[in-house]
Asks: 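Got a structure for you, written out below as structure tokens; questions coming shortly.
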Amino acid sequence: MPKMQYPHLFSPLDLGFTTLKNRCIMGSMHTGLEEQAQGMHKLAAFYAERAAGGVGLIVTGGVAPNLAGCGFEGSAILNQASQLDGHRGVTEAVHQAGGKIALQILHTGRYAYHANSVAPSAINAPITPFTPHELSVSEIEATIADFANTARLAQQAGYDGVEIMGSEGYLINQFLVVRTNQRSDDWGGSLQNRQRLAIEIVRAVRAAVGEHFIVIFRISLLDLVQDGGTFAEAVQLAKALEAAGVTLLNTGIGWHEARIPTIATMVPRAAFSWVTRALKAHVGIPLIAVNRINTPDVAERILAAGDADLVSMARPLLADSQFMLKAEQGKSEQINTCIACNQACLDHVFEGKTASCLVNPRACRETELNIEPAAVTKRIAIVGAGPAGLSCALSAAQAGHQVTLFEARSELGGQFALAQLIPSKAEFRETLRYFSVMLALHQVEIRLNTRVSAADLAGCYDAVVLATGVTARALDLPGADHPSVVNYSDLIAGKVAAGLKVAIVGAGGIGVDVADLLLHQPYTHSGHELSQYLSDWGIDKQLNQAGGLLPVSPTQPARELWLLQRKKGKPGAGPGRTTGWIHRQSLQRNQVHLWGGVQYLRIDDAGLHLIHDGVEKCLPCDQIVVCAGQESVSTLYGELQALGQVVHLIGGAELAAELDAKRAIEQGMRLACAL
Ligand code: FAD
Ligand code: NAP
Ligand code: SF4
């Protein structure tokens, strides 16, 4: 029986008044649809698809209980019966699809990005410009009543429960610790006073909704900020919350202002399930493990080990709405795995755009981007098996076309196949596994080691799609042909050995990744990575320290690196709103020389000559790695057009500037839908 592959994951959970069909919760994610006209209709389709895909319980994105608690002006709020219609559409769609759904109640406190933010004390958050107003006692009491009101409304809207957001550094969490709570009344000072708000909210919510309604509390087990709570305090709170009527405890890790990565791709899988496990001995209610759980195997391992009773996955359900169904049917190889890149989900939300997913451009576009069966089956040639070509080939085949995919190299992936060799991007290999399995399933004919010309293709196909991608830009500098000069692709592919003193020319995403490669060991998914990650970022494995933080020991870097760019300013931010700071911190810790505003002069046996800070210098490096951007490979386009062939350009072949796999994959899918 395929189901037995994951017996713990697919074991139902009886909560007394209701039963969850399995141990997978879809974690809360703000999508940006919540605030749009017609957004609730789109949200209903988004959640219904995940419910049909078999997830045990969905938790919505955060909804504020009052205006002060909104994340930004106009963000989602539920405080009046007149707002119920959109929510009813969501709950009905989920229930019709056989799922269950809980509404997350989120009061952002001092994280609110508006002038009317409130907090236990008037202390600014480092990530917002607004000074919060200190809540008065009557305002605190009103806030508790607002939580209860929203929970009552959620019940009226048909939700199966609510999740009270008490972690990640939001309002309730702000009350819990002295970092943000410096009150001297009944709501601050002693631990009992600081925990009062959390407990009173749970009591009020439980009283409002009765016994037969799921109440999840998301508790912060590791704050990962200075003057944060201790684990012993979290244990005490967990016990009090259980007594106050919580059904399930979801375990949160890290405040938003923490400077420790907790969900990005360099964080090892299931990196925090040991923290959830540490709480298990202290409470009787089921616990939910979170963070970097992205495959059924990882989920099963956590549950089988007894670290938690349920697992929460958010981004993996964006990446593949059918995750649970595929796991249940023994088709895990067909899961489109979340690679934790944050590029289309969190980065979008922080940029005020609708969330989606790099590996699944349909996410949050369920009502508008669908692969419909083609009216006429066409013979399609796709040239290039990078992300653009792979995505186009799969979507075209899913639409029913007869697809042949030509690739000059011996493997699939193009530039993405290089990306997966960067230690912190080992997850990227999952995307190539997915495409490889799915192309075979949909009978795409793949011709590797085949560099095609216009003459090979013209007249043989109804349409040709050129996904021939990009090639590395060469340096235009005296001495650019010196033996010490290598391009990033040869270095990453291991065709040349790395030097000990290396200058990286170009500090875009690839320059930063090359630095990562030169500083870190290859990733192996072993226990070693977890210990290394915890010690690199100063996380207290003994759970004795406030905030879970230990001092970080200095690193002895593997080699001396210079990361260079001509633009002024410090290089190394890399692309990625939510991940750039992680790269910067890692580069600084490894003492990489970050030089902006340089002018390259020449290369010779002495090294790389340049002007930096107005002074001519020679870097005594034994290797110069060129990461100076890329150029499109698209010569076939004109040739095919001249031969009268219908031809389309996608991905890097169309435009090298601002290219990333997100654009390449989306463009591939969109073109396939239009063929
Ligand atoms: P390519 O990936 O260049 O693929 C084109 C393919 O066409 C190649 O396989 C090539 O061999 C083949 N081809 C060319 N001509 C012919 C021909 N005549 N016949 C047959 N085949 C041919 N992007 C992100 O979004 N996030 C990241 O974190 C990220 N990290 C990266 C890290 C590294 C180290 C690198 C190198 C890239 C990274 N990228 C990342 C960029 C991403 O990989 C590219 O944007 C993406 O691969 C471009 O896709 P594409 O399909 O347009 O082209
Ligand atoms: P890039 O981001 O455009 O960076 C190119 C770098 O080369 C810049 O630092 C540029 O800075 C420098 N440069 C450009 N022309 C040069 C020249 N003629 N001589 C010397 N230096 C030159 O490109 P990339 O790093 O090659 O990355 C390619 C694409 O992959 C990017 O669009 C990126 O989005 C994507 N990618 C994404 C990620 C991610 O984590 N999201 C990671 C890797 C790659 P100066 O001009 O200031 O010198
Ligand atoms: Fe995961 Fe990246 Fe998709 Fe976000 S964009 S869900 S991190 S694969």
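Counting convention: from 1, in listed order, for ligands and their atoms alike. When reading the values below, keep in mind they use all heavy atoms of this one structure, side chains included, and skip hydrogens, waters and symmetry mates.
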Asks: With only distance considered, is I510 within less than 3.5 Å of ligand 2 through an N or O on each side?
Replies: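 Looking only at distances, the answer is yes, because the N/O contact criterion of under 3.5 Å is met.
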Asks: How far is atom 4 (Fe) of ligand 3 from its nearest protein heavy atom, and which residue and atom name does that atom have?
Replies: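 Of the protein heavy atoms, C345 SG, 2.3 Å lies nearest.
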Asks: Checking T31 side chain against L33 main chain: does a donor-acceptor pair fall under 3.5 Å?
Replies: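 Looks like yes, one N/O pair under 3.5 Å.
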Asks: Does L317 offer a backbone N or O that forms a donor-acceptor pair with the side chain of R50 under 3.5 Å?
Replies: yes
Asks: Report the part of Q630 (side chain from C-beta onward, or backbone N, CA, C, O) that has a heavy atom under 4.0 Å from ligand 2; answer both or neither where that applies.
Replies: side chain
Asks: Flag D660 as yes when one of its N or O atoms lies below 3.5 Å from any N or O atom of ligand 2, and as no otherwise.
Replies: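 No.
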Asks: If we set the cut-off at 4.0 Å for heavy atoms, which region of A388 has an atom near ligand 1: side chain, backbone, both, or neither?
Replies: both
Asks: Checking only N/O/S atoms, does C338 have one that is under 2.8 Å from atom 2 (Fe) of ligand 3?
Replies: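 Under 2.8 Å: C338 has no N, O or S contact with atom 2 (Fe) of ligand 3.
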Asks: With a 4.0 Å heavy-atom cut-off (strictly under), which part of R663 contacts ligand 1: side chain, backbone, both or neither?
Replies: neither
Asks: Which residue owns the protein heavy atom closest to atom 6 (C) of ligand 1, what's the atom, and how far is it?
Replies: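 The protein heavy atom lying closest is E407 OE1, 3.6 Å.
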Asks: What protein heavy atom sits nearest atom 8 (S) of ligand 3, and how far off is it?
Replies: I339 N, 3.4 Å
Asks: Within the structure, does L418 bring an N/O atom to less than 3.5 angstrom of an N/O atom in ligand 1?
Replies: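 Between L418 and ligand 1 (N or O atoms, distance only) the closest approach is not under 3.5 Å.
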Asks: Taking distance alone, with N or O pairs closer than 3.5 Å, would you say L659 contacts ligand 2?
Replies: yes
Asks: I'd like to check which ligand 1 atoms, numbered from 1 as shown, lie under 4.0 Å from a non-hydrogen atom of V383.
Replies: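 Answer, ordered by atom number: 17 (C), 19 (N), 20 (C).
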Asks: In the protein, what heavy atom is nearest to atom 52 (O) of ligand 1, and what distance, to one decimal place, separates them?
Replies: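 Scanning the protein heavy atoms, the shortest distance from atom 52 (O) of ligand 1 goes to G652 N, 2.7 Å.
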Asks: Heavy-atom contact under 4.0 Å between K425 and ligand 2?
Replies: yes
Asks: Among all protein non-hydrogen atoms, which one is nearest to atom 7 (S) of ligand 3, and what is the separation to 0.1 Å?
Replies: N342 N, 3.0 Å
Asks: Relative to ligand 1, is T468 under 4.0 angstrom through side chain, backbone, both or neither, heavy atoms considered?
Replies: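 Near ligand 1, T468 shows its backbone as well as its side chain.
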Asks: With only distance considered, is G509 within less than 3.5 Å of ligand 2 through an N or O on each side?
Replies: yes
Asks: Does the side-chain hydrogen bond (donor to acceptor under 3.5 Å, both in side chains) test come out yes or no for D320 and Q334, once each step is laid out?
Replies: CA-CA 10 Å; D320 197 332; Q334 294 178 28; over 6 Å; no
Asks: For atom 10 (C) of ligand 1, is the nearest protein heavy atom closer than 4.0 Å?
Replies: yes
Asks: At a non-hydrogen distance cut-off of under 4.0 Å, which region of A340 contacts ligand 3 (side chain, backbone, both, or neither)?
Replies: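 The answer is the backbone.
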Asks: Below 4.0 Å, non-hydrogen atoms only: which portion of D660 touches ligand 1? Side chain, backbone, both or neither.
Replies: both
Asks: List every atom of ligand 2 that sits less than 4.0 Å from any heavy atom of Q343, numbering the atoms from 1 in the order shown and giving each element.
Replies: 41 (N)
Asks: Report yes if some N/O of Q630 lies less than 3.5 Å from some N/O of ligand 1; otherwise report no.
Replies: no
Asks: Between I492 and ligand 1, find which residue part has any heavy-atom pair under 4.0 Å and reply side chain, backbone, both or neither.
Replies: side chain
Asks: What atoms in ligand 1 come closer than 4.0 Å to a heavy atom of L358?
Replies: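 Taking each heavy atom of L358 in turn, ligand 1 has 25 (O) under 4.0 Å.
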Asks: Out of Q667, E654, E658, K425, who is nearest to atom 27 (C) of ligand 1 when you count heavy atoms only?
Replies: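 Checking each option, the heavy atom nearest atom 27 (C) of ligand 1 is found in K425.
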Asks: Please report which non-hydrogen protein atom sits nearest to atom 3 (Fe) of ligand 3, along with the residue it belongs to and the distance in Å to one decimal place.
Replies: C357 SG, 2.4 Å
Asks: Does T450 have a heavy atom less than 4.0 Å from any atom of ligand 1?
Replies: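 Checking ligand 1 against T450, which is what was asked, there is a heavy-atom contact under 4.0 Å.
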Asks: When you measure from atom 50 (P) of ligand 1 to each heavy atom in G511, G414, P387, which option holds the nearest one?
Replies: P387
Asks: Show which atoms of ligand 1 fall inside a sub-4.0 Å distance from at least one heavy-atom site of A664.
Replies: 49 (O)
Asks: Classify the angle between the aromatic ring planes of F416 and F428 as parallel (below 30°), tilted (30 to 60°) or perpendicular (above 60°).
Replies: parallel
Asks: Among protein heavy atoms, which lies nearest atom 3 (O) of ligand 1, and at what distance?
Replies: V470 N, 3.2 Å
Asks: Could you tell me whether C627 approaches ligand 2 through its side chain, its backbone, both or neither, with non-hydrogen atoms closer than 4.0 Å?
Replies: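 Under 4.0 Å from ligand 2, C627 contributes backbone atoms alone.
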Asks: I'd like to check which ligand 1 atoms, numbered from 1 as shown, lie under 4.0 Å from a non-hydrogen atom of G651.
Replies: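 Numbered from 1, ligand 1 contributes 52 (O).
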Asks: Closer than 4.0 Å to some heavy atom of A344 - which atoms of ligand 3 meet that?
Replies: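 Heavy-atom distances to A344 below 4.0 Å select 5 (S).
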Asks: Quick one: look up the protein heavy atom nearest atom 39 (N) of ligand 1 and list residue, atom name and how far away it is.
Replies: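 Checking every protein heavy atom, the shortest distance to atom 39 (N) of ligand 1 gives A419 CB, 4.7 Å.
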Asks: If we ignore hydrogens and angles and just use 3.5 Å, is the side chain of T265 paired with the main-chain N or O of I339 as donor and acceptor?
Replies: yes
Asks: Is R259 positioned over the aromatic face of W537, cation under 6.0 angstrom from the ring centre and no more than 45 degrees off axis?
Replies: no
Asks: What part of D513 sits under 4.0 Å from ligand 2 if we count only heavy atoms: the side chain, the backbone, both or neither?
Replies: side chain
Asks: Cation-pi check, K570 to W595: give yes when NZ or CZ is under 6.0 Å from the six-membered ring centre and within 45° of the ring axis, no otherwise.
Replies: no
Asks: Mark the output for A467 as yes if a heavy-atom distance to ligand 1 is under 4.0 Å, and as no if none is.
Replies: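 Yes, A467 has a heavy atom closer than 4.0 Å to ligand 1.
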Asks: Any sub-3.5 Å donor-acceptor pair from Q645's side-chain atoms to L640's backbone N or O?
Replies: no
Asks: Would you say the side-chain atoms of S356 pair up with the backbone N or O of A363, donor to acceptor, closer than 3.5 Å?
Replies: yes
Asks: May I ask you to check if ligand 2 and Y600 share an N or O to N or O distance below 3.5 Å?
Replies: no
Asks: Of the protein's non-hydrogen atoms, which lies at the shortest distance from atom 2 (Fe) of ligand 3, and what is that distance?
Replies: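 Checked against all protein heavy atoms, atom 2 (Fe) of ligand 3 sits closest to C341 SG, 2.4 Å.
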Asks: Is there at least one pair of N or O atoms, one from Y488 and one from ligand 1, spaced under 3.5 Å apart?
Replies: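 So ligand 1 has no N or O lying under 3.5 Å from an N or O of Y488.
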Asks: Students should be able to answer this: which protein heavy-atom is nearest to atom 5 (S) of ligand 3, and at what distance?
Replies: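 Closest protein heavy atom to atom 5 (S) of ligand 3: L358 N, 3.2 Å.
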Asks: So is Y488 touching ligand 2 or not, going by heavy atoms under 4.0 Å?
Replies: no
Asks: Judging by distance only, is a nitrogen or oxygen of K567 under 3.5 angstrom from one on ligand 2?
Replies: yes
Asks: Checking N370 side chain against E366 main chain: does a donor-acceptor pair fall under 3.5 Å?
Replies: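 Checked: pair present.
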